[in-house]
Colleague: 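Input: one structure, supplied below.
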Amino acid sequence: MTDKVRVRFAPSPTGFLHIGGLRTALYNELLAKQKGGSFILRIEDTDQTRLVEGGIENIVRTMKLMGLEANEGIYLDNKGQVSERGEYGPYLQSRRKEKHAEYAEQMVVMGKAYHCFCSAERLEELRREQQASGRPTMYDGKCRAIPLEEAEKRIAEGEKFVIRLKLPKQGKITAWDVIRDDITFDWSLIDDQVIIKSDGFPTYHLAATCDDHDMEISHVIRGEDWLPSLPKHLFIFESFGWTPPKYAHLPLLLNADHSKLSKRQNDVAVEDYLKKGYLPDAIINFVALLGWNPTGDREIYTHEELIAMFDLAKVNKAGAVFNLEKLDWLNEHYLRSMPNDAYLELVAPHVQDKTDDHGFLDRCLLLVRDRVTLPSQAVELTADLLKEDLDYSTVNITWKTQPKEQAVERLSAVREMLATVKDTDFVAQGARTEFEMEIKKLITEKGWGNGDTLWPLRVALSGNEKSPSPFELLEVLGKDRSLQRIDAAIDFLG
RNA sequence: GGCCCCUUCGUCUAUCGGUUAGGACAGCGGCUUUUCAAGCCGUUAAGAGGGGUUCGACUCCCCUAGGGGCUACCA
């Protein structure tokens, strides 16, 4: 054993990377990076009945998109093939089946496990009786007393069997958890867990513990749902005389009704959030703060800052409701604080109405940035800006009770003034400020009101009653489009 | 039912015996204003209940209540 921090994220490939799994992976990665240790990805695929096609690829790919790459274990090679790297392999658990079988046999020999020949029917019957009489449902130990020679004979005769842990029947065990401290369990209440199934594959309990040992894992960081089986895992370590890793059981992520986070109530696949346009940085930031906050008076952290500040012992004990409102806010924040180029690159692919005028398109996208929560929304937000012809029939170009004639008068005067502005000055840096000064000057000179001039102008330019200011619109649209729109509005009113 | 874990604003959280219990999201209000956003400022809102321990408890202990997890030849 080394003192090096070696942590693993060990999902089973039964679906896709889950938002809860993401947080578990993140906390593992944060610790590894902070301590200069190894972050290992191991795939736990011992349940052959639940394998999902493409599950492994999805998990690895999504982790990579999220900036969470394991430096050891499973990864995707250049061709997108599932591969392994590192000196503690195999990292695909099913490939360690022989090792697990050996370990199980050793435990049998040491008297720490036994062969069980009970049928599924008997077990079910047993459970039913126990339930009916209000007793805890657990294996009654019928096969515990079968001598090893007899068991081996029955196996040789082809009888189906599983291997169960031979747990102590009395006394207590106190386990230590980084987040929860001491936890005491009563051995008499813990079931003789199956560690080798009748198909020869190990269950999680055996596979994970043996692999954690073989891979010299220093910290096991996993979901709280594993807490009840911790004594069984410790028992396996103790049976072999191995030093167990430090355990940290993370609080669960919850639905709004406080039940365990599920896809019944939430989108739970990280990939779905990525598809919707949530930024990896925002998701990481958000998920990191579900159950932990280094200071409590700050919300924005880069991945690097999270690495520097992470502290397992400060992780909360209580579950955290997964609430999207804050994720939205974070996404908006990241969208607004990134460089223009990066923002445009993110948003531009969503725009369908292609225009050859890239400068125009960029100006449109930049204009609506403050209204965008998700990149895809920019499409709708810029639709009327990019349109050739606007439909004024559904909006009021006139301000409040303003007569049409007055609106026409104001628009015509502004148009006349704008016609004298050079094309290039229209879209120049700071043009919007210039427009604001000039137009407001005009309004003052004529003795008009802001509303009765600016409202018609703005609606004429945007085609909407709610929109950015007319000054910004002029700068974004440029001379030709602006004049054309004002003309169209005057036309419509006349 | 049994076992285990948990309990600060609606939500995410800070507080490691002494604070006017702090921040953020959401909400509400205001500023700005031609509209809607954004931004800025302000504001509503919390220690589940009951016992202890202590000069002093959100903080430590116990009980109760509530919530959650586990209770598979699934992870």
Colleague: Can we call the ring centroids of A:His233 and A:Tyr204 under 6.0 Å apart?
Modeller: yes
Colleague: Without hydrogens or angle criteria, can the side chains of A:Asp199 and A:Gln48 be said to hold a donor-acceptor pair below 3.5 Å?
Modeller: no
Colleague: Once each nucleotide of nucleotides 62-75 of chain B is scored for protein heavy atoms under 4.0 Å, what B/S/- sequence comes out, 5' to 3'?
Modeller: -----SSBSSSBBB
Colleague: Using whole Å, report how far CD of A:Glu299 lies from C1' of B:G23.
Modeller: 6 Å
Colleague: Does NZ or CZ of A:Arg164 come closer than 6.0 Å to the centre of the six-membered ring of A:Tyr139, within 45° of the ring's axis?
Modeller: yes
Colleague: Return the 5'-most residue of the pair A:Arg135, A:Leu290 with respect to RNA chain B, ranking by each residue's nearest nucleotide.
Modeller: A:Arg135
Colleague: For A:Glu472 and B:A38, what is the distance between atoms CD and P respectively, to the nearest whole Å?
Modeller: 14 Å
Colleague: Provide, to the nearest angstrom, the distance between the NZ atom belonging to A:Lys317 and the P atom belonging to B:U8.
Modeller: 12 Å
Colleague: Please give, in whole Å, the distance from B:C4 P to A:Leu227 CG?
Modeller: 11 Å
Colleague: Between A:Asp452 and A:Gln406, do the side chains contain an N or O donor and an N or O acceptor separated by less than 3.5 Å?
Modeller: no
Colleague: Mind checking who B:A57 pairs with, Watson-Crick or G-U wobble, both distances under 3.5 Å?
Modeller: none
Colleague: Look at the side chain of A:Glu325 and decide which nucleotide, out of B:A37, B:C25, B:G2, has an atom nearest to it.
Modeller: B:C25
Colleague: Using the P atom as the point on both nucleotides, what is the distance between B:G10 and B:C6, in whole Å?
Modeller: 22 Å
Colleague: Side chain of A:Pro470, heavy atoms from C-beta onward: which of B:C5, B:U11, B:U34 has the nearest atom to it?
Modeller: B:U34
Colleague: Flag the pair A:Lys246 and A:Asp177 as a salt bridge only when some basic side-chain nitrogen lies within less than 4.0 angstrom of an acidic carboxylate oxygen.
Modeller: no
Colleague: On the ring face of A:Tyr343, is A:Arg369 found with NZ or CZ under 6.0 Å from the centre and within 45° of the axis?
Modeller: yes
Colleague: Do A:Tyr273 and A:Thr62 have side-chain N/O donor and acceptor atoms under 3.5 Å apart?
Modeller: no
Colleague: Is a side-chain donor-acceptor pair under 3.5 Å present for A:Arg180 with A:His249?
Modeller: no
Colleague: Closest to the A:Lys326 side chain: B:U11, B:C25, B:C5?
Modeller: B:C25
Colleague: I want to verify a distance call: between B:U7, B:U11, B:A14, whose nearest atom is closest to the A:Ala318 side chain?
Modeller: B:U7
Colleague: Select from A:Arg180 and A:Gly291 the residue whose nearest nucleotide in RNA chain B is closer to the 5' end of that strand.
Modeller: A:Arg180
Colleague: Assess whether one donor atom and one acceptor atom, taken from the side chain of A:Gln131 and the base of B:G1, lie less than 3.5 Å apart.
Modeller: no
Colleague: Mind checking who B:C40 pairs with, Watson-Crick or G-U wobble, both distances under 3.5 Å?
Modeller: B:G30
Colleague: Among the candidates B:U34, B:U13, B:C5, find the nucleotide nearest to the side-chain atoms of A:Phe471.
Modeller: B:U34
Colleague: Contact class for A:Asn316 vs. all strands (heavy atom < 4.0 Å): base, sugar-phosphate, or nothing?
Modeller: sugar-phosphate
Colleague: Which nucleotide sits closest to the side chain of A:Trp455: B:C5, B:A37, B:U35?
Modeller: B:U35
Colleague: Expressed in whole Å, how much space separates the P atoms belonging to B:A45 and B:U11?
Modeller: 16 Å
Colleague: From the set B:G2, B:C25, B:U35, return the single nucleotide nearest to any side-chain atom of A:Arg458.
Modeller: B:U35
